[in-house]
Amino acid sequence: MKGKRVALLALFGAVLAAVAIEPAAAQAGADSTTEELIWDLNNQLLYIAVPITVLVEAILFYTVWKFKNNESPLPTKENRRLEITWTVATAVILLFVGVASYQVLAEPYVTATQDTVAENLGEDQAEVLNVQVTAQKYNWQFNYPESGVSNANTLVLPADRPVRLNVTSADWLHAFHAPGLGLKTDAFPGQSNYIFTKPTDTGEYQLYCAEYCGVGHSQMLGTVEVRSQEEFQSWLAENSGSGGSGGNATAGNATAGNGTAANETAALSP
Ligand SMILES: [Cu+2]
């Protein structure tokens, strides 16, 4: 009996370890490095959750079937071993969920800050494409400070090149959300929120505003267009001179906008 339990625990531990150390297998169909990381985590958690669900349901059905004719059931007696077992098993599972989630959340492609690029790319920083994303009622403005290009509602990005989006708002709360690429962050006036990613597949992706911002919110849509590097370069060349030098939403004025945000809120509250 004891050997059986040890064997079961060892098997359970081996499954957890196998899932934990499984290399981040290339996620077929992932369209950005960010989306790939998120789907890998989702799959890891599913590998744990599905067997647990099956086990619990199996025990439930077995119990119902086995004791269906039991007219005088006896109350459960205290069983310290059983209690210790399920407490330890639950703790191990929660620990696994916590560690696996933290690992992914700590990835720069999932949680980016202003320093993400400098801290993670070293000499390759020049390769990064910077885009200023400014949300406002009810449209999106994209500025490419390095080339002076500006575009409304369509964010054109190169494939297989790291991109850093500096997301802010010109009026009040919005949120940048491109689910097809696994990207989402809030847009606050006077504050910069960063997204760091690398699109891996060309195509068009729907961009939504994911924070209710007024009567035009449902129409606050845009497109993320991922093109090959050559097509992206020719698009940049075609549109050069279309925008100012970095637009009106540089990181430099990030601290100056708080007063504006407060005023907006005050003016719009009933
Ligand atoms: Cu909105």
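First listed ligand is number 1; within each ligand, the first listed atom is number 1. Given the structure is predicted, the values throughout are model-derived calculations rather than measurements.
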Q. Which heavy atom in T34 sits nearest to a heavy atom in Y109, and how many Å separate them?
A. OG1-O, 2.9 Å
Q) Quick one: does N193's side chain have a donor or acceptor within less than 3.5 Å of a partner on T185's backbone? A) no
(Q) At a cut-off of 2.8 Å, what protein N/O/S atoms sit near the Cu ion (ligand 1)? (A) C209 SG, E211 O, C213 SG, H217 ND1
Q) For the side chain of T116 and the backbone of P108, is there at least one donor-acceptor N/O pair under 3.5 Å apart? A) no
Q | Full working for side chain to side chain contact (heavy atoms under 4.5 Å, CB included) between W140 and C209 | A | CA-CA 9 Å; W140 299 93; C209 173; 3.9 Å; yes
Q | Sidechain-backbone polar pair: T223 side chain, T154 backbone, donor-acceptor under 3.5 Å | A | no
Q) With no hydrogens and no angle check, is any side-chain donor or acceptor of R161 less than 3.5 Å from a backbone partner on E127? A) yes
